[in-house]
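Structure first, commentary second.
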There are 2 protein chains.
Amino acid sequence: MGRSDHRPGSQLPVTPTTLADVAERAGVSRQTVSNAVNNPDLLRPDTLERVRQTIAELGYSPNRAARNLRTRTSSLIGLRFTPAQEGTANAMMDRFVHSLVEASAEAGYHVLLFPSDDEDPVGGYDNLLRSTAVDAFVVTDTYLGNPQAAWLSQQRAPFVAFGRPWDDDEARHVWVDVDGAAGMRLATQHLIDRGHTRIAWIGWRKDSPIGEDRRSGWLSTMHANGLSTTGLASRVEDVVHSGAEAAAVLLDESEPTAFLCASDTLAMGVLHTLWIRQLAPGRDIAVVGFDDSQVAQVYPVGLTSVRQPLEDVAVEIVRSLRALLSHQPVESRGVLLEPTLAIRESS
Amino acid sequence: MGRSDHRPGSQLPVTPTTLADVAERAGVSRQTVSNAVNNPDLLRPDTLERVRQTIAELGYSPNRAARNLRTRTSSLIGLRFTPAQEGTANAMMDRFVHSLVEASAEAGYHVLLFPSDDEDPVGGYDNLLRSTAVDAFVVTDTYLGNPQAAWLSQQRAPFVAFGRPWDDDEARHVWVDVDGAAGMRLATQHLIDRGHTRIAWIGWRKDSPIGEDRRSGWLSTMHANGLSTTGLASRVEDVVHSGAEAAAVLLDESEPTAFLCASDTLAMGVLHTLWIRQLAPGRDIAVVGFDDSQVAQVYPVGLTSVRQPLEDVAVEIVRSLRALLSHQPVESRGVLLEPTLAIRESS
DNA sequence: GACGATCATTGGATCGATCAAGGGGGAGGC
DNA sequence: GCCTCCCCCTTGATCGATCCAATGATCGTC
């Protein structure tokens with residue numbers, strides 16, 4: 001039998017059991033039953049036992065709506081669900097959402113998804129906030145110019161961001177992020193340890209702070225090891241064929257022996273170019289990506305990739321959220337977590 | 001300015017506006033405000049206008065908890081969130097969840113995620129049901145021996161399944177599914193049209209009804225075109241290297257010119273074998289997968305793949321759910337949707 | 001055995017919405 | 001003029017939990 005006794009073979013009563021039902025049956029008042037559920041310490045051990053017994057017998061579970069109304073909470077965390085873009089390999093949302101659901105459940109919260117509306121990016125937040133449908137939000141897209149974090153701050157709505165407030169020095173909200181630069185240092189050092197000296201970088205356009213951060217990890221590690229980076233960097237759009245073209249140009253002009261990419265999508269482009277030129281990834285040329293996407297995992301020649309610790313991110317977010325909601329002083333405004341490197345045949 | 005007037009520059013009041021606040025300000029009773037929101041037809045046009053004006057001025061939005069308590073509904077749909085398995089390419093959950101969130105929102109519902117517990121697969125459902133936290137469920141894993149659908153049916157809990165009740169003839173619940181056999185007929189015919197006659201099948205083990213269904217699409221189309229299938233079929237585990245091994249054996253023994261796979265994961269295995277043997281996918285040998293995963297989309301040689309119409313599935317599910325919850329007679333117990341074929345360079 | 005202090009438990013009010021009846025007023029019919 | 005009807009709106013009760021203040025039980029103490 002499962003953890004909770006849900007009595008296979010029995011049906012749920014048409015009208016669910018209420019607190020009053022339990023109270024009557026156990027011969028105590030409603031408040032006592034309420035205390036048995038929420039403040040067991042207040043009851044005498046024998047009373048507690050009797051009430052718990054009755055709760056189990058009747059299969060009672062507090063009505064969420066009534067509790068929410070009285071306590072002015074919902075035990076729900078709102079998350080705007082943005083799916084992975086088609087044609088890219090950036091599918092970390094899936095893993096992150098799962099981790100968040102798990103971590104939230106541990107803390108007694110559920111995750112409520114709401115759709116994204118590009119025309120009115122804060123509309124969904126506003127509705128949920130006004131109707132007190134959620135206790136807090138988790139914000140994921142903290143890219144340049146995204147008004148959500150600032151708007152929520154201004155509304156004094158509790159939220160934690162996954163991602164640093166890159167472009168906003170004024171931001172005072174709580175955030176959790178993964179140290180992309182550290183991940184790239186890890187990857188670069190890995191390649192250097194394998195004997196590579198001419199390691200090329202293929203990243204995003206300069207206006208992406210995330211991309212520039214990752215790039216800095218490559219740059220600093222190269223220089224720290226006394227290696228040159230001139231002519232070895234390229235900045236392109238985050239699509240497969242851009243990665244392929246960049247790799248072709250770099251191969252022709254600078255003869256790198258390894259490629260470090262800001263995303264798995266770009267890495268796939270590199271692999272395409274290698275395939276066309278009959279170069280074997282891992283043996284002739286090393287390739288490393290970022291995100292440890294499914295693509296990296298199932299690609300015939302496994303792609304080495306920087307893996308974000310999304311499980312830890314979720315745990316940390318929920319921890320911050322709880323502190324925020326219980327009005328405890330938050331230890332620190334931001335938390336930065338270290339990624340790991342999933343090493344495969346491509347390096 | 002956005003669709004809903006959320007007044008940038010203003011803060012949310014500390015205590016949210018209530019129905020009574022609006023009533024007082026508009027000079028009407030609480031019930032009249034309630035009717036303005038839920039049954040506008042009951043009001044005289046000028047009163048309605050006045051109330052609406054006041055609602056807009058105060059930025060009023062009905063308190064969810066109070067409404068839920070009174071109406072005994074929650075406008076929430078529960079979904080057990082199971083992430084994609086690592087090391088496989090089956091990441092349709094991401095796309096499906098997004099579609100479901102969108103379709104639900106259209107109908108005034110939000111999606112509530114709860115975690116999966118393998119030890120107690122119905123525990124999560126039970127809790128939410130007992131505490132009347134959700135109005136209905138969407139069940140996604142209807143594989144062999146999964147007790148969820150049967151358990152929910154027995155509890156008389158409203159739910160719609162994504163997936164047929166393969167192994168349960170007794171099942172009377174509502175479901176929506178994608179016709180995998182039709183998808184494979186499409187794919188097989190596509191390959192035949194391209195001149196292929198020796199088309200091999202790599203699928204899952206025989207105890208997977210989904211796998212057998214997909215296989216039947218290949219089989220029937222081959223036979224309908226007078227083509228032989230002997231020695232051209234293989235049944236393996238759904239992992240990359242199994243697909244690779246199966247492809248190697250088939251190439252040696254039966255010399256197929258095309259491979260049809262039950263999943264993109266297996267197709268990746270096939271591509272691996274082709275790569276090792278220096279065979280060009282699409283030119284020397286055609287390959288087709290199933291699910292149109294990100295892998296199929298970003299693989300250097302785009303992988304042709306059967307694409308499930310998940311957007312339509314979600315819409316259909318929400319439609320059924322609404323009928324179920326409004327106690328309308330459901331037109332049909334099950335709905336079967338046709339997949340499409342995403343044609344790329346591999347075929 | 002009376003006393004205040006502490007502990008365990010209780011009854012009434014409340015959260016903010018909707019439901020179910022009931023009331024005021026104008027139009028229309030006799 | 002009076003009654004009925006209908007439309008529009010209001011009032012009181014209710015959903016099921018928790019908050020708050022108060023009451024009864026238990027205890028040690030003098």
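Labels below follow one simple rule: chain letters A, B, ... track the order of the sequence lines, proteins then strands, and each chain is numbered from 1.
Closest contact between the side chain of A:Arg70 and the listed nucleotides C:dG16, C:dA13, C:dT18 involves C:dA13. Nearest to the side-chain atoms of B:Arg67 among the listed nucleotides C:dG11, D:dC8, C:dT18 stands C:dT18. Between C:dT18, D:dT10, C:dG16, one nucleotide has an atom nearer to the side chain of A:Arg72 than all others, and that is C:dG16. Of the listed nucleotides (C:dA17, D:dC9, C:dT10), C:dA17 has the atom at the smallest distance from the side chain of B:Pro62. Side-chain atoms of A:Leu19 lie closest to D:dA17 of the nucleotides C:dT10, D:dA17, C:dT18. When each of C:dT9, D:dA17, D:dT11 is scored by its nearest atom to the side-chain atoms of A:Asn63, the top-ranked nucleotide is D:dA17. The side chain of B:Tyr60 lies closest to C:dA17, out of C:dT10, C:dA17, C:dT18. With distances taken from any side-chain atom of A:Gln31 to the nucleotides C:dT10, D:dC9, D:dG12, the minimum falls on C:dT10.
In this structure, B:Leu69 places its CG atom 18 Å from P of D:dA13, rounding to the nearest Å. For the pair A:Asp41 CG and C:dA8 P, the interatomic distance rounds to 10 Å; values are reported in whole Å. D:dG24 atom P lies 20 Å from atom CG of A:Leu42, rounded to whole Å. Rounded to a whole Å, the CG atom of A:Asn68 is 11 Å from the C1' atom of D:dG16. Whole-Å rounding puts the A:Arg44 CZ to D:dG24 P distance at 17 Å. To the nearest angstrom, C1' of D:dG16 lies 10 Å from CG of A:Asp21. Rounding to whole angstrom units, CG of residue A:Asn35 and C1' of D:dC20 are separated by 12 Å.
Nearest-nucleotide positions on DNA chain D for B:Leu43 and A:Thr18 put B:Leu43 closer to the 5' end. Comparing B:Gly27 and B:Ala66 against DNA chain D, the residue whose closest nucleotide sits nearer the 5' end is B:Gly27.
As judged by a 4.0 angstrom heavy-atom cut-off over every strand, B:Asn38 is placed among residues touching the sugar-phosphate backbone only. B:Arg64 comes within 4.0 angstrom of nothing in the nucleic acid, heavy atoms only. Nucleic acid contact for B:Thr71: sugar-phosphate only, since backbone atoms but no base atoms lie under 4.0 Å from a heavy atom of the residue.
No N or O donor and acceptor, one from the side chain of B:Arg30 and one from the base of D:dT10, sit under 3.5 Å apart.
For D:dT11, neither phosphate oxygen OP1 nor OP2 lies less than 4.0 angstrom from any side-chain nitrogen or oxygen of B:Ser29. Under 4.0 angstrom from either OP1 or OP2 of C:dA17 there lies no side-chain N or O belonging to B:Ser34. For C:dT10, one of the phosphate oxygens OP1 or OP2 lies less than 4.0 angstrom from a side-chain nitrogen or oxygen of A:Thr32.
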Handout entry: Worked verdict on A:Arg64 versus B:Asn127 for side chain to side chain donor-acceptor pair (under 3.5 Å)
Key = CA-CA 10 Å; A:Arg64 273 294 226 293; B:Asn127 280 334; over 6 Å; no
Exercise for the section: Show your working on salt bridge (charged side-chain N to carboxylate O under 4.0 Å, His left out) between B:Glu49 and B:Arg52 and close with a plain yes or no. Expected result: CA-CA 5 Å; B:Glu49 180 52 34; B:Arg52 283 201 166 140; 5.7 Å; no
Practice task
Run the numbers on B:Ser74 and B:Asp135 for side chain to side chain donor-acceptor pair (under 3.5 Å), then give the verdict.
Solution key: CA-CA 6 Å; B:Ser74 65; B:Asp135 288 348; 3.1 Å; yes
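In terms of modelled atom types and a separation under 3.5 Å, the side chain of A:Asn63 and the main chain of A:Ala65 share a donor-acceptor contact.
A distance below 6.0 Å separates the ring centres of B:Phe114 and B:Tyr125.
Within 6.0 Å of CZ in A:Arg50 there are more than 12 heavy atoms belonging to other residues, nucleotides or ligands.
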